[in-house]
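Below is one structure, written out as structure tokens; comments come after it.
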Amino acid sequence: MITETKRFRAFATALSLCFFALPLLSQDVIVREQTAGQAITFEQYVIQTDSTLQVIIPFRIRYDFFVFTRTVTEQSSAYSAHGEVSVELIDSTGSSVARKIRQIDLTADDNTSSALKADFVQHLFSFQLPHGKYTIVFKADDKESRRQFVDDRKYTVLPSGTALQSGLIPVEHVLDSSFVLFNLGGDVLFSRNFSFLFLSAKQYTAARYSLFKVQLDDEEKESIESDIPVSIKVFGASILDTHANGQSVALTVRPGDGSNVHILQMDGQQLRQGRYELVLSFPDSTKITAHFGARWLDMPLTLTDLDAAIEPLQFIMTKADYTELRRGGRTARITKFEEFWKKKDTTPATAYNEVMHECYRRADFAFAAFRTLKEMNGAVTDRGRIYLLYGKPSTTERQLAPNGVPKEIWKYNSLTKIFTFEDPSKQGNYKLAENK
């Protein structure tokens with residue numbers, strides 16, 4: 001059995017190697033890979049059966065949209081936030097035909113930005129409407145700050161008499177007949193298997209699909225898979241129920257006098273973050289085209305900018321290496337960056353690279369935690385460099401003697417390492433003075 005110390009040392013070794021080999025790239029922004037996600041997303045799906053025409057509008061709001069305040073009492077010291085979410089449907093004549101409101105009441109033990117960004121509230125609205133075209137007006141309000149989010153750019157068309165009675169709904173396959181919506185504006189999580197759910201009057205047990213990666217900056221499409229046969233699971237004559245509990249939105253299939261519910265399972269473990277187009281073709285020549293994104297929700301901020309990603313590493317590379325690795329166009333530099341990380345990936349069977357994620361998670365922390373008046377990027381300071389290589393120390397001790405030099409002593413118990421930093425200028429510019 002591998003001990004925790006051995007795991008830590010193995011990871012530290014892999015991460016240390018990556019820092020001494022990472023290519024340096026010129027200033028550039030990886031626009032095509034910025035899919036970390038917005039604070040608020042919502043989506044719309046039409047579920048058509050013989051007797052009803054239903055529109056479901058699930059939404060997901062990150063906690064940091066709201067302002068959390070705290071009133072300390074004997075019973076609780078938690079933070080709380082309050083808001084309101086509404087959806088209004090406008091028909092083709094400009095008239096409001098339906099409107100629903102939901103009150104949002106949240107609590108959190110930690111109101112720091114990083115903690116609030118990691119949590120979400122999820123619910124849905126459901127409407128039964130006649131055929132037609134409707135504009136969806138989505139609003140979210142925070143009652144404390146009066147901050148408001150409004151989106152009226154989405155619309156939905158409720159068709160009649162079609163064989164396909166819904167679009168492709170991206171879901172996680174939880175149980176045999178239960179599915180959880182990703183609820184990311186129609187997107188999925190990158191490097192994770194997922195399924196597409198759809199309803200149809202017909203039963204389709206097989207299809208062929210083609211998958212393309214869409215480059216938003218140049219509108220080109222890269223073929224990932226072409227004309228691939230795939231089997232489809234069918235729930236015949238079923239009804240689709242919706243459920244929401246504030247933490248997730250789920251769909252459950254149950255027997256009944258309804259449509260045929262189809263499940264198309266997709267292997268998404270190698271799916272990188274970005275935008276995709278799926279074309280699904282059925283034997284009767286029916287086709288569905290779906291556009292979706294694969295999101296890395298907690299992608300480190302440093303990874304969105306190539307220059308920011310390489311800046312903490314400049315002091316460990318020669319000038320000649322730096323010059324050579326900067327050569328080439330934007331695409332070439334990004335390719336070099338990606339190829340390097342592929343070589344350092346401990347789980348090559350998936351698109352998620354744990355070592356890279358941890359590397360830049362540390363860079364994000366170091367950037368803010370160790371910045372000084374002299375150096376705004378804390379990741380390139382001595383303390384930032386040690387944090388990048390070894391992570392959070394077991395203990396940190398600061399010595400502030402009145403007539404002495406301020407010191408910080410970092411101890412890593414599992415690695416038996418001690419780093420001492422000194423600040424002779426007494427302005428927060430700590431330099432590594434001892435390593436043992």
Side-chain angles (χ1 to χ4, degrees), residues 37 40-61 85 87 89 98 100 102 120-129 134 136 138 154 156-159 162-189 192-205 207 209 230-268 278 280 288 290-295 297:
I40 299 177
T41 58
F42 70 98
E43 50 200 53
Q44 74 279 355
Y45 299 109
V46 178
I47 299 177
Q48 180 178 352
T49 66
D50 293 336
S51 57
T52 62
L53 220 165
Q54 184 180 24
V55 179
I56 61 171
I57 303 175
F59 64 88
R60 178 184 180 111
I61 304 178
V85 179
V87 168
L89 298 181
K100 290 186 178 182
R102 177 177 290 276
F120 300 83
V121 57
Q122 301 187 69
H123 276 291
L124 66 80
F125 294 99
S126 178
F127 301 88
Q128 289 190 358
L129 297 167
Y134 301 88
I136 300 172
F138 182 95
K154 290 192 177 184
T156 187
V157 176
L158 307 189
T162 59
L164 292 173
Q165 298 176 320
S166 76
L168 295 179
I169 305 175
V171 294
E172 293 185 89
H173 201 156
V174 180
L175 297 174
D176 184 56
S177 59
S178 294
F179 308 88
V180 172
L181 289 175
F182 286 99
N183 206 3
L184 295 169
D187 294 343
V188 302
L189 295 176
R192 184 181 295 184
N193 290 334
F194 61 97
S195 299
F196 280 117
L197 181 151
F198 66 94
L199 281 70
S200 173
K202 297 182 179 180
Q203 286 195 4
Y204 295 107
T205 59
Y209 76 87
V230 62
S231 60
I232 299 175
K233 184 175 182 178
V234 183
F235 296 89
S238 297
I239 295 175
L240 202 60
D241 292 330
T242 59
H243 313 274
N245 58 12
Q247 300 299 313
S248 64
V249 177
L251 304 175
T252 301
V253 181
R254 63 179 175 87
D257 185 18
S259 301
N260 299 299
V261 179
H262 297 71
I263 304 298
L264 169 65
Q265 294 184 319
M266 301 291 294
D267 183 357
L278 176 77
L280 190 61
I288 310 179
H291 295 89
F292 66 98
R295 298 195 186 195
L297 290 183

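Start at 1 with the first residue, then count along the sequence.
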Compile the donor-acceptor pairs under 3.5 Å between side chains in residues 175-184 and protein atoms, sequence neighbours left out, one pair per line.
unit_1: D176; atom_1: OD1; unit_2: K233; atom_2: NZ; d: 2.4
unit_1: N183; atom_1: ND2; unit_2: F59; atom_2: O; d: 2.8
unit_1: N183; atom_1: ND2; unit_2: Q122; atom_2: OE1; d: 3.0

Close side-chain approach of [X] and [Y], heavy atoms under 4.5 Å:
{"X": "L240", "Y": "L197", "answer": "yes"}
{"X": "I232", "Y": "T205", "answer": "no"}
{"X": "H243", "Y": "D241", "answer": "yes"}

A244 meets the side chain to side chain contact (heavy atoms under 4.5 Å, CB included) criterion, sequence neighbours left out, with H123, L124, V249
Candidate list I288, L278, I169, L280, test side-chain contact (heavy atoms from CB on, under 4.5 Å), partner F196, passing option: L278
Single hit among L89, V87, I136 for side-chain contact (heavy atoms from CB on, under 4.5 Å) with F125: V87
If you compare all heavy atoms of [X] against all heavy atoms of [Y], which two are closest, and at what distance to 0.1 Å?
{"X": "F194", "Y": "G268", "answer": "CE2-CA, 4.1 Å"}
{"X": "A98", "Y": "F127", "answer": "CB-CD2, 3.7 Å"}
{"X": "A290", "Y": "L168", "answer": "CB-CD1, 3.6 Å"}

What's the spacing between [X] [atom1] and [Y] [atom2] if we round to 0.5 Å?
{"X": "I56", "Y": "S166", "atom1": "CD1", "atom2": "OG", "result": "9.0 Å"}
{"X": "D187", "Y": "E43", "atom1": "CG", "atom2": "CD", "result": "8.0 Å"}
{"X": "H262", "Y": "K202", "atom1": "NE2", "atom2": "NZ", "result": "10.5 Å"}
{"X": "Q44", "Y": "Y134", "atom1": "CD", "atom2": "OH", "result": "14.0 Å"}

Does S195 use its side chain to pair, donor to acceptor, with the backbone of I263 at less than 3.5 Å? no
Donor-acceptor under 3.5 Å (K154 side chain, F138 main chain): no
Run the salt bridge (Lys or Arg N to Asp or Glu O under 4.0 Å) test against R102 and tell me which residues pass, sequence neighbours left out. none
